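Report on the structure given below.
All residue numbers refer to positions in the sequence shown, counting from 1. Since the model is a prediction, treat every value here as computed from it, not as a measurement.
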Amino acid sequence: MTDMPARATTPLPIVLAGARGHGRWHLANIRRLQHQGLVRLAGVCELQPLTDDELAAFAGEMPEQSADFGALLDSTGARAAVICTPIPTHTDLALTAAARGVHLLLEKPPAATWADYARMADGVREAGIACQVGFQSLGSHAVPAVKDLVRSGAIGELRGIGAAGAWVRDDAYFRRAPWAGRRRLGGTDVVDGVLTNPLAHAVATALELADRGRAEDVASVETELFRAHDIEADDTSCVRVTATDGLPVTTAVTLCAEEAGEPYVIVHGERGRVTFWYKQDRVLVQRAGHGPEEAVHGRTDLLENLVDHLARGTALLVPPERTGAFMRVVEAVRTAPEPTALPRDAWYTRPADTGGVRRVVRGIDATVAAGADTLTLFSELGASWARPREVSTP
C-alpha cells in the first residue's frame, strides 16, 4: 500500500466485529498493519468464537473474543473498531462504538435504510468520533486524478457518468447467510440486492467521480430491478440518479453474466471519455486530438487512512456524508416495487466454476455495457423483459 502513515508509538487497539465471510479480508488486513506496528487486534466479536486455526496468524498475541460487542470494547480498551456484520446490524453497532468514543471503519453499505443511515451519521457526529465507510474503491488514487482531469476540461463539458458490472454468482452465493438475497428478514430491512451490496462500489464510485456523492446532490432516482434467481432481492438491475443540476449518473449491473468481467465507470465528456476499472485502479483516457492514455494508480487502504487520521489529522477518504447520495439509491431500491422475476426464456443455467450451478441472463453482458455507454435504462435499451421504469424521488 502507498501513503503509509507515520508509525505510532503505541499500536492502535482494534476490535473486529464480523471476522468470517468478508471479515476474513479485514482480519488479514489488520494482521498486515499489526506487523507494521500500526494497530493491534485487541478483540474479535463473533457469535461463534474463531478457532485457533482461524487465528493462526495472531499466534502468541491472541485477541480477546466475545459475542457482546459493547462489553468487548470496554474490556479491551479498543480505540477503533471494524464492523463487518450483516447490513441491518451496522447502525446499532456503530452507535454502540460511538457511545464509547471508539472510532470506526464501517463496511458498506453503511445501513439498510435511510432512517438508519441518518441515525448512524447523527450519532457518530454528535459523539465526535471518526467514521470511515468501507468503499475501498474510493481509496484509489485514480479517483482524485480523474476528477482533476475533468475539472481541467481535458474531456470537455461533463455529460454524465455510466457504470457497468457483469459478475457471476452461483446458486450457493444466495445461501451463504440467512439474509443473503433478501429484501427483508423477520420484518427487518436487509436490501441485499446487486446494486446495494455486491456491486455497490459501482454505484458509489460513479457518484464520486461525478463529484455528486452527498445526499443533497440528488434530485431523483429511477430504478429497474429484476431477478433471475429464486430470491427476494434483485440480481440484474439498473439505476439512474439525476443530480440537482441535471447530470445523469447511470449504473447497470448483474450477477448473472455470460462471462465475468471487471466492473468499470465511464466519465462522459463532450470531447472524450475516461474509463476507470475500479478494482484494478486502471484508467484509460480517450479524447479528441490525443492518442489513448492508460495508467495504473496506487491505492490507500481505508484502515490505514483511519489510523493516519487519528495520528496526524489526515482527512478521512470516505466519511459518512460522502455516501449520502449512495444511501439515497439504497432507499430508492428499498422502497421500489418488488424486483420482477425474469421470464424463464430470458435466462438459462450453466455449470459454475465452483462446482455448482449458475443462472445466465441472455445477452446481459452487452445490455449492461450499453447502459453505461449510453446512460440509459434497460427499458430504454429495448430489453424485452424490462418494464417501464419506476421513479423514486427522495
Side-chain angles (χ1 to χ4, degrees), residues 16-26 44-49 66-70 81-97 104 106-121 123 133-135 167 169-201 203-204 221 223-237 239 253-256 323 326-342 356 358-359 390 392:
L16 172 60
R20 295 191 172 99
H22 182 57
R24 294 188 183 96
W25 183 91
H26 285 289
V44 172
C45 183
E46 268 287 353
L47 296 179
Q48 295 295 327
S66 172
D68 187 326
F69 183 56
V82 176
I83 296 176
C84 186
T85 54
I87 301 165
T89 68
H90 285 185
T91 292
D92 285 344
L93 291 180
L95 294 178
T96 297
L104 286 172
L106 178 64
E107 255 303 339
K108 59 82 187 165
T113 71
W114 175 262
D116 279 349
Y117 164 77
R119 187 160 60 92
M120 179 276 295
V133 179
F135 283 110
W167 277 4
R169 293 294 184 267
D170 65 10
D171 286 351
Y173 174 81
F174 299 102
R175 300 192 299 270
R176 71 193 188 280
W179 49 268
R182 303 292 295 269
R183 280 170 70 81
R184 59 194 66 84
L185 183 63
T188 299
D189 290 297
V190 174
V191 203
D192 183 42
V194 60
L195 286 164
T196 54
N197 195 10
L199 279 159
H201 279 88
V203 180
V221 182
T223 61
E224 293 187 355
L225 312 178
F226 302 91
R227 57 178 180 85
H229 289 86
D230 296 325
I231 57 175
E232 284 183 357
D234 54 304
D235 58 34
T236 300
S237 297
V239 62
V253 289
T254 185
L255 299 179
C256 306
T323 67
F326 170 78
M327 281 305 305
R328 291 295 193 192
V329 172
V330 173
E331 187 70 359
V333 170
R334 183 184 76 87
T335 59
E338 299 296 308
T340 299
L342 293 177
R358 66 185 184 91
R359 298 188 182 188
E390 304 289 343
S392 172

- Item | Sole candidate of V191, V190, L225 that passes side-chain contact (heavy atoms from CB on, under 4.5 Å) when paired with R183 | L225
- Message: Between E46 and R24 (salt bridge meaning N to carboxylate O under 4.0 Å), is one present in this structure?
- Response: no
- Taking NZ, NE, NH1 and NH2 as the nitrogens, is one of them in D170 or R175 under 4.0 Å from a carboxylate oxygen of the other? no
- Item | Parallel, tilted or perpendicular: ring planes of F174 versus H229, cut at 30 and 60 degrees | tilted
- Task: Return the orientation label for the H22 and H26 ring planes: parallel under 30°, perpendicular over 60°, tilted otherwise.
- Result: perpendicular
- Query: Do I87 and D189 touch side chain to side chain, with heavy atoms closer than 4.5 Å?
  - Reply: no
- Item | Residues which pass salt bridge (charged side-chain N to carboxylate O under 4.0 Å, His left out) with D68, listed by chain and number, not counting sequence neighbours | none
- Item | Distance in Å, W179 CH2 paired with D192 CG, rounded so as to fall on 0.5 Å steps | 5.0 Å
- Item | Identified side-chain contact (heavy atoms from CB on, under 4.5 Å) partner of L106 from the options T323, I83, T91 | I83
- Message: Whether R328 and E331 form a salt bridge (side-chain N of Lys/Arg under 4.0 Å from carboxylate O of Asp/Glu) is what I want to check.
- Response: no
- Query: Do F326 and P110 touch side chain to side chain, with heavy atoms closer than 4.5 Å?
  - Reply: yes
- Check ring pair (Phe, Tyr, Trp, His ring centres under 6.0 Å) between H90 and all other residues, then give those that pass, not counting sequence neighbours. none
- Note on the structure: Rounded to the nearest 0.5 Å, the CD atom of E224 sits from the CG atom of D234 at a distance of 12.0 Å
- Query: What pairs with C45 under side-chain contact (heavy atoms from CB on, under 4.5 Å), at least two apart in sequence or on another chain?
  - Reply: A17, F69, L72
